[in-house]
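Working notes for the structure below.
We number each residue from 1, following the sequence as shown. Just so you know, these numbers use all the heavy atoms, side chains as well, and skip hydrogens, waters and symmetry mates.
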Amino acid sequence: MQTMKYRKAGESGIYLPEISLGLWHNFGDIDDFEEARRMILSAFEHGICHFDLANNYGPPAGSAESNFGRILAKDLSSHRDELFISSKAGHDMWAGVYGTGSSRKNLIASCNASLKRTGLEYFDVFYSHRYDGVTPVEETMQALIDIVRQGKALYAGISKYPPREQQRAYDILREAKVPCVLSQYRASIFDTAAIEENFGPASANGSGIVCFSPLAQGLLTDKYLCGVPENSRAARASGYLRREEVTSMRIEAARKLNEIAEARGMTLAQLAIAWLLSDSHVTSVIIGASSAGQLEANVKAVEAPALSAAELCLIREVAEAEGVKFV
């Protein structure tokens, strides 16, 4: 079994595995509970101690936290102090005006409900899941400060904040002596906006960086090398990857990247993960999985030799071709 590697989270004393497991998809009540259990236990056996949740993960919303709590209680309760468990609040969760957004009311109510669903006494980090464009950053950060001071979380984090609000969040949290230990952003070879805009401020303020969607919702796997297959995420009527986003330019780029991966004895997915880990700012990359086998294959990305300057240049050339990157 391969050995996981760990990285220090910014200026904190926390170390996270280079690869973490996210429960955004495939851990809800509509999914196979026993396969979810196998994935979580396999992740732990492979050295993944960081499990990333949010109050709205499912579907239905909340069910990923509940299912994780069941698995934790049955299989991993004696390992709680070896685990780093995160959750978030800020997206649509329940009906009514208080069931979404970044208000103090929503964050504190959501944190309390998430603790109840998971059966935990505290989260290791609790995030503001987004800047909602309405709530003052001061209000949202004060809610995180109070959640930490009340012992409901050990650390505070932010996710998907625009650069100006990101810096304001860091300043408020630092002044309160509850520094932002982690900043979470979407990033991949096909999606570099956060790398260009958010990684620098996070690093300068001592925050670790956690990346999600490293495979661009499946585009950076072998799934779409020949177009959109039936039953794929892009073939569904709704979802985060739309059929029209699987363009001929992106398919061609994925094929070229796949050639680079094969030359290294890797899968395209492993290459995409290794590419993010080549950035010294990155603390951990969150992967999703639909099976224990898929998870185990992607974890092997940590075993790969470092990408050379020539390989990084080739990847950049492919990614910067017209129509490839998401904007």
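For the pair Asp92/Asn56, no side-chain contact is recorded, criterion being any heavy-atom separation below 4.5 Å from C-beta on. Residues Ile19 and His46 are not in side-chain contact: their nearest non-hydrogen atoms beyond the backbone lie 4.5 Å or more apart. For the pair Val324/Val318, no side-chain contact is recorded, criterion being any heavy-atom separation below 4.5 Å from C-beta on.
Between Phe68 and Phe51, the ring planes are tilted. Angles from 30° to 60° get that label. In this structure, Trp24 and Phe212 have perpendicular ring planes: the angle between them is above 60°, well past the 30° mark. Taking the six-membered ring where the residue is Trp, His91 and His129 present perpendicular rings, their angle passing 60° and hence far from 30°.
In this structure, the side chain of Arg264 engages the main chain of Pro305 through a donor-acceptor pair within 3.5 Å. Proximity of a side-chain donor or acceptor of Ser203 to a complementary backbone N or O of Phe199 within less than 3.5 Å is not detected. Between the side chain of Lys5 and the backbone N or O of Val302, at least one donor-acceptor pair lies under 3.5 Å. With hydrogens and angles ignored, the 3.5 Å screen pairs no side-chain donor or acceptor of Ser12 with any backbone N or O of Val181. Checking side-chain atoms of Ser207 against main-chain N and O of Ser183 turns up a donor-acceptor pair under 3.5 Å. Asn26 contributes no side-chain N or O that, together with a main-chain N or O of Asp31, makes up a donor-acceptor pair within less than 3.5 Å. Here the side chain of Gln184 pairs no donor or acceptor atom with the backbone of Lys160 at under 3.5 angstrom. Side chain of Glu139 to main chain of Pro136: no donor-acceptor pair is present (N/O by atom type, distance under 3.5 Å, no hydrogens or angles). At distances below 3.5 Å, not a single donor-acceptor pair connects side-chain atoms of Glu197 with backbone N or O atoms of Pro162.
When all heavy atoms of Gln166 and Tyr185 are compared, the pair lying nearest together is CD-OH, 3.4 Å. Closest non-hydrogen pair, Met141 versus Ile172, comes out as CB-CG2, 3.7 Å.
Other residues, nucleotides and ligands contribute at most 12 non-hydrogen atoms within 6.0 Å of the CZ atom of Arg164. Counting non-hydrogen atoms of other residues, nucleotides and ligands closer than 6.0 Å to NZ of Lys256 gives a total of 12 or fewer. Counting heavy atoms of neighbouring residues, nucleotides and ligands inside a 6.0 Å radius, atom NZ of Lys116 does not exceed 12 of them. Within 6.0 Å of the CD atom in Gln150, the count of heavy atoms belonging to other residues, nucleotides or ligands exceeds 12. In Phe44, the CZ atom is crowded: over 12 heavy atoms of neighbouring residues, nucleotides or ligands sit closer than 6.0 Å. Under a cut-off of 6.0 angstrom, the local environment of OH in Tyr98 is sparse, with at most 12 non-hydrogen atoms contributed by other residues, nucleotides or ligands.
Hydrophobic cluster membership is shared by Tyr161 and Ile195, with clusters built from Ile, Leu, Val, Met, Phe, Trp and Tyr side chains linked at under 4.5 angstrom. Residues Ile40 and Phe33 are members of one and the same hydrophobic cluster, defined by side-chain heavy-atom contacts under 4.5 angstrom among Ile, Leu, Val, Met, Phe, Trp and Tyr. Residue Leu41 is grouped with residue Ile287 when hydrophobic side chains (ILVMFWY) are merged at heavy-atom distances under 4.5 angstrom, including chains of intermediate members. Tyr15 and Val125 are assigned to two separate hydrophobic clusters, defined by single-linkage of ILVMFWY side chains at heavy-atom distances under 4.5 Å.
At a cut-off of 3.5 Å, with distance as the only test, no side-chain donor of Ser114 or Asn55 sits close to an acceptor on the other residue. At a cut-off of 3.5 Å, with distance as the only test, a side-chain donor of Thr100 or Arg130 sits close to an acceptor on the other residue. In the model, Asn298 has no side-chain atom that pairs as donor or acceptor with a side-chain atom of Gln294 under 3.5 Å. Side chain to side chain, Asn67 and Asp29 meet the donor-acceptor criterion of an N or O pair below 3.5 Å.
Expressed to the nearest 0.5 Å, how far CG of Asp52 lies from CG of Asp124 amounts to 11.5 Å. Atoms CZ and CD1, on Arg316 and Ile189 in that order, are 12.0 Å from each other to the nearest 0.5 Å. Residue Leu23 holds its CG atom at 5.0 Å from CG of Leu53, rounded to the nearest 0.5 Å. In this structure, CD1 in Ile315 is found 8.0 Å from CH2 in Trp275, a value given to the nearest 0.5 Å. Atom NE2 of His50 sits about 9.5 Å away from atom CD1 of Ile85, to the nearest 0.5 Å. Atom CG of residue Leu257 and atom CD of residue Glu262 lie 11.5 Å apart, to the nearest 0.5 angstrom.
Both tests do not hold together for Arg250 against Tyr224: distance to the six-membered ring centre under 6.0 Å, angle to the ring axis within 45°. By the 6.0 Å and 45° rule, Arg80 stacks over the aromatic ring of Tyr122.
Salt-bridge annotation for Glu18 and Arg7: present, with a side-chain N of the basic residue lying under 4.0 Å from a carboxylate O of the acidic one. Remark: Glu165 does not engage Arg168 in a salt bridge, criterion side-chain N to carboxylate O under 4.0 Å. With respect to the salt-bridge test (charged N to carboxylate O, under 4.0 angstrom), the residues Arg38 and Asp75 do not qualify.
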